[in-house]
Structure formats: C-alpha cells, structure tokens
Amino acid sequence: MNANIEKLLRRFLPEDFTVTTWDALQPYFEALQQRPLNSAQDLEQWLKDLSELDAVVSEDAAWRQIRMTCDTANKALEDAFTYFFMEIQPKLQPYADALNRKLLDSSFAKELGVDYATYLRSVRKQVKLFREENVPLQAELSVMAQQYGVINGKMTIEVNGKEYTLQQAAKFLESSDRTLREEVYRKTSERRLQDRDTLDQLYTSLVTKRDQVARNAGFANYRDYKFEDLGRFDYTKEDCFQFHAAVKEHILPLVKDILQRQQQKLQLDVLRPWDTEAEPAGTKPLEPFHTGEELVNKAIDTFDQLGPFFGNCLRVMQQMGRLDLESRIGKAPGGYNCPLAETGVPFIFMNAAGQMRDLTTMVHEGGHAVHSFLSHNLALSAFKEYPMEIAEVASMSMELFTMDHWDIFFSDKEELRRARRQQLERAISIFPWIATIDKFQHWIYEHPQHTVAERTAAWVGILDEFSPNVVDWSGLETYRAINWQRQLHLFEVPFYYIEYGIAQLGAIAMWKQYKENKQQALDNYVKALSLGNTKTLPELYKAAGIRFDFSPAYVKELADFVKKEMDAIA
C-alpha cells in the first residue's frame, strides 16, 4: 500500500484548465448533457467524465474555502470564495440536476455494478430535493455561513500584556494558577459576549433561510429536509432521540464521576468552569509539542508505529504543503481535514497552541486524511464522498489507536499516563455535549420562528438536561447562555454533529477490537475506509468488524468498557 498517490489524469477537461468563470465551465456541462448514451459502456464513460468534472470543480471550491479560513482578514480571498458560491455554484446546480436526471432516465443505469447502488440512491435523493428557487438561497447560505469564521477570527484577548487568539488563550485554563484561569475564562467569555448580538442575528438569518429552503422542497421543517439532504438512509430522528436518552442514562453518571474526580484532584470545595481542565499546584499542564513542525513530525512517527502507510500519508501532506496547524490572529477557528478530489492529497487545518487537545486534533484529522488517501483510487468522485458517520470513525479510532505510541510525545511515564487518561475522559465527556447540540438543533428547526429569548431559554433547558450538576455556574449565567455560539457546526454545517456521537461509539468498538487483536483491527479499518461510499453504513461498519448500533444497551456496553480502561489507567 503506497501513500504517494498521483493527481488523476484528465481525459475530458484540458490539463491546463482552471475554474475561472461560469462561461468557461459551462461548455463541459453542456457537452455531458448533450452526449448520447447508446450503451452501458457509453454510460460508464459518461460517468467517468462527469466524475472528472466534479473533481476539478469541487477541488477549486475547496481551495477557495481553505485559503479564506487560513486568512480571514484577506478581502481578496473572501471575494474569491464569495464569487464561486454566488456566481458559479448557482449556475452549476441546474446542470447538476439535469445530469442526475439523465443518469436515472438511462435504460443502462440498471446494468451498472453493485458498487453503484449507494451512489444511485444518493442521486435519486438529489433529484427529489432539487428546487430551482432554492439555488439562490443556497448560494446566500454558503456565503453567510462563512461569516462565522470571519467574526471569530477577529476575537483576541490580552493575557500578561500579550495578545492571544481565543484558541491560544485556552492553554491558560490548564494552569495550576486558579486566579489566572479565572481571569482568562472571564476575558474570553466577555470577548465572546461582545459579538453575541452579531452572532444571534447571523444565526436567526441562517435559520430563516434554511426553513424557506425546506418549505420550497415540500418539507414541514428544515430538520426533515436536512435528514434527506445528508443522506441519512440508515437511521431516523427517532434513533437520535434514543441516543439522547441513552447518553442521559448511561453516560451522564460517568461524566459526573469524572468531574467529581477533578474536583477532588484540585482539592476544591466548589468546581467552577475554569477548573474543569486545570492541573493541581505543582503539576505542569501537558505540553506534547511546542511548534507546528514538531507536532507533525511527532504525529508522523506515531502513525509509522501503526504501519508505514499511515505515516506516509502525513509525510506526503507535509512535503506538499497541505498543513496549516498553528493558531494565529486572523485565522478561522476550529480544525478540519479537507479532501481534494482531483489531486487526492487532502489539507489539514487546525489551531494548535501546544495543548493536549491539539495532539488529539492532529491524530483525529490525520485519521480523516488516511481515509482520503484510502478512497482516492475509487472509480468515481461520488464513491469518495463517504458518509460522515464512517468518516468520523476513521478519525476518532485514530485518536484511540495511537495512544499506545504517545510515548513519542511524552517521555515521562506519569505524563503519558495522564495523557491517556485525559483522552479516555474526553471520549466519554463529549457525548453529553453532542446530545445537547443535536437536541438543540431539533428544537431550533422545529420552531423556526422563535425569538432570541426563546432560543436562549431552550438552549439553557437542554444544557441543564445533559449537565451532571457538578460545576457551579452561579454568577456566570450570561456566559453559559451563549455557549452554543462556540459551536461552528450550528452556523456552517447544520445537523452535522450527531455523527460524532454515532462514530464515537464506532471508534470505541474499533478500539475494543484493537485491544483484542491489533493487526486484525487495523486491517479491518483499512478495508472499511477503502470502500468509500460504495456500501451502506451498516455494511461499512460490518467491514470494519463492528456494529452500526446506538441503542441504549450498546451505549452501556461500550461505556462500561471505557470505564474499565479508565480505572486501569487511574
């Protein structure tokens, strides 16, 4: 297996073609629309040419977004992004719909192989959802959603006379100096409060437009529309509600134990929000690396321990300049791995500040990158557009697999023990937040006409439901009421969050398999990810040697396993 993949050879578009204007791009869509399909071979070649066109266009759009998130203060980069989504994407969409219909209308579609089944299912869904009147709305939504990153990219605070982004300042919350932690927490919260109204207005506008998109497509609400749009063929909203209930029953008690343990460790009478990630006096916060270069080099060494292929994926990305890791002013928040459909080598973006969570983010996004490499050689671009519920298994499993080799980051055995314990605590503690964000989104889009006051009340009520009542928020209620504004998914990728919960269960199951038979688990991991989107979610999970299941009984089984592993580390 070789990670040194090459850019796809173009056979339909000229090698020197780049996306500039719609007028330059349109003839290729026209050619595909007009081409006669007189045999199954004609159809397969037509699909390959369509795939090539899709890859070129999607990679161009991806680069516009990458460059803008790397430098949100650069107006030219923002204009290039906006131009694509306002001037090219809206003109492209009717052609995409016409080509989808041409495929489904072809009598030879039924002769396509079994690997095409999930793709054709997705195409039928796209045809069902397409509405001409939604094209301009969706263009506006793409541009509006990116304003979240622009607003957040400008947020900084001053600590000890030095300016920090909020991502950089978060490292002070691990300090053993409680006075410093509280100062940084309050400054960060006050800075977020400055943009509260701006983000509230932005979100209200997004919700209103999304609701209109759903109603134009004949849906009662955006939630129901988005479930179809995301291709959630293998589970329902009722399954999500079942997941919420399972988290409340089987995960919340473990999170309560974790927080109470933290309180005892710090010897505090009352645990406050600035205490949850802190270390006791005399214990330095974990510092797995100091620079972005050190982070990626250690990550490569760690991946090499799992197998040469895994390390080579990151090595190729490093050589090709496909990494932007360190936090800086003007950079959008968050982290992502962006697949690049034509060249095949993805891009990792993150905001590292030398913290333990940055190590986790690096190996997480590295897992996504491995997925991109493994699926790149599939025949069609559409086969590489795998569902998020398996994509996040790729990333979250890598967080757990690599723990065996974190001595590369921590030469001190006690620090290594702490790092592994923190990772397992995080694997459990994330579930209530996932359930909170997901349930909040259901409420938002079931009540699209809500006021800001109603939204705030709904948020606080749902947050209370999934909080174990260990942390004392007295006097901080205003900050807590806007905590949802920290979650970029709400603004940029609506309803994409429950996937993390489903996939975390899958990742824990993968790690359980890894503990029993490392090579078998890694082989299954590679096998499942290599399938891309050519199988259903249950089939992909089965290929990985795990179950697609988020019932209360399964949640309990996996939670008990993690608790046992945590106790062994403690």
Side-chain angles (χ1 to χ4, degrees), residues 1 3 5 118 230-231 234 299-300 302-307 309-314 316-317 322-323 335-341 344-350 359-378 383-405 423 426-427 430 434 493 496-514 518-548 550 558:
M1 204 164 30
I5 57 179
T118 53
L230 289 168
D234 300 306
I300 289 170
T302 303
F303 275 38
D304 277 338
Q305 296 301 309
L306 294 177
F309 170 78
F310 301 112
N312 282 337
C313 290
L314 295 183
V316 169
M317 295 173 72
R322 299 288 170 92
L323 304 164
Y336 60 75
N337 172 82
C338 184
L340 293 163
V345 178
F347 190 100
I348 289 180
F349 168 100
M350 58 181 283
L359 160 56
T360 302
T361 300
M362 182 69 229
V363 295
H364 176 103
E365 302 305 342
H368 281 311
V370 166
H371 201 174
S372 298
F373 278 89
L374 286 170
S375 61
H376 179 64
N377 290 327
L378 291 168
F383 291 173
K384 306 168 197 177
E385 294 170 2
Y386 34 76
M388 290 303 105
E389 295 84 354
I390 190 67
E392 297 302 342
V393 171
S395 55
M396 289 173 153
S397 296
M398 195 59 83
E399 294 177 30
L400 299 170
F401 289 167
T402 55
M403 284 198 301
D404 273 358
H405 308 291
Q423 177 60 33
R426 182 181 173 276
I430 196 174
I434 292 167
V493 276
Y496 174 24
Y497 210 63
I498 187 72
E499 289 89 342
Y500 290 107
I502 297 167
Q504 186 71 295
L505 294 174
I508 292 168
M510 286 300 301
W511 185 49
K512 188 170 184 286
Q513 184 184 167
Y514 179 84
K518 291 183 181 181
Q519 197 54 53
Q520 183 68 59
L522 289 171
D523 289 347
N524 285 343
Y525 178 82
V526 167
K527 180 171 70 174
L529 303 191
S530 299
L531 292 170
N533 192 27
T534 61
K535 304 294 178 187
T536 65
L537 277 172
E539 288 170 336
L540 290 172
Y541 273 56
K542 186 176 180 181
I546 57 176
R547 285 154 46 198
F548 185 71
F550 38 112
L558 295 176

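Hydrogens, waters and symmetry mates are skipped; everything else that's a heavy atom, side chains included, is used.
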Discussion item. Would you compute the distance between atom OH of Y496 and atom CD of E389 and round it to the nearest 0.5 angstrom?
Written reply: 8.5 Å
Fill in: I390 side, atom CD1; I502 side, atom CD1 - distance, nearest 0.5 Å
11.5 Å
Worksheet, complete the sentence: When every non-hydrogen atom of D304 is compared with those of N312, the smallest separation belongs to OD1-N, 4.2 Å
Worksheet item: Nearest 0.5 Å, what's the CG-NZ distance between L378 and K384?
Response: 7.0 Å
Worksheet item: If you take all heavy atoms of M317 and A369, which pair is closest and at what distance?
Response: SD-CB, 3.6 Å
Item to complete: Quick one: list whatever passes ring-ring contact (aromatic ring centres under 6.0 Å, His included) with Y514, sequence neighbours left out.
Response: F401
Discussion item. Going by the rule salt bridge (Lys or Arg N to Asp or Glu O under 4.0 Å), which residues pair with K527 if we only count those two or more places apart in sequence or in a different chain?
Written reply: none
Discussion item. Does the plane of the ring in F548 sit parallel, tilted or perpendicular to the ring in Y541? Use 30° and 60° as the thresholds.
Written reply: perpendicular
Worksheet item: Quick one: CD on Q504 to CD1 on I508, what's the gap to the nearest 0.5 Å?
Response: 4.5 Å
Discussion item. As a test of understanding, state which of E399, E365, Q423 forms a side-chain hydrogen bond (donor to acceptor under 3.5 Å, both in side chains) with T360.
Written reply: Q423
Worksheet item: So do L374 and F309 actually touch side chain to side chain, heavy atoms under 4.5 Å?
Response: yes
Worksheet item: Taking all atoms of both residues into account, what is the closest heavy-atom pair of V393 and G506, and its distance?
Response: CG2-CA, 4.3 Å
Worksheet item: Rounded to the nearest 0.5 Å, what separation is found between the CG atom of N533 and the OG atom of S375?
Response: 10.0 Å
Fill in: Check against side chain to side chain contact (heavy atoms under 4.5 Å, CB included), F310 and V526
CA-CA 10 Å; F310 301 112; V526 167; 3.8 Å; yes
Worksheet item: Is a donor on one side and an acceptor on the other found under 3.5 Å between the side chain of E499 and the backbone of P387?
Response: no
Discussion item. Could you walk me through whether V363 and F303 satisfy the side chain to side chain contact (heavy atoms under 4.5 Å, CB included) test, starting with their C-alpha distance in whole Å, then the side-chain angles of each, then the deciding distance to 0.1 Å, before giving a yes or no?
Written reply: CA-CA 8 Å; V363 295; F303 275 38; 3.9 Å; yes
Worksheet item: Closest heavy-atom contact between F373 and C313?
Response: CZ-O, 3.5 Å
Worksheet item: Which heavy-atom pair separates S397 from Y525 by the least distance, and what is that distance?
Response: CB-CE1, 3.9 Å
Item to complete: Show your reasoning for whether side chain to side chain contact (heavy atoms under 4.5 Å, CB included) applies to K518 and D404.
Response: CA-CA 11 Å; K518 291 183 181 181; D404 273 358; 2.9 Å; yes
Item to complete: Enter the distance from T402:OG1 to W511:CH2 here, rounded to the nearest 0.5 Å.
Response: 11.0 Å
Discussion item. Show, in sequence, the C-alpha distance, side-chain angles and deciding distance for L340 and R322, and conclude whether the side chain to side chain contact (heavy atoms under 4.5 Å, CB included) test is met.
Written reply: CA-CA 10 Å; L340 293 163; R322 299 288 170 92; 3.4 Å; yes
Worksheet entry | Residue pair S395 / H368, side-chain donor-acceptor N/O under 3.5 Å | yes
Discussion item. If you compare all heavy atoms of A521 against all heavy atoms of M510, which two are closest, and at what distance to 0.1 Å?
Written reply: O-CE, 3.6 Å
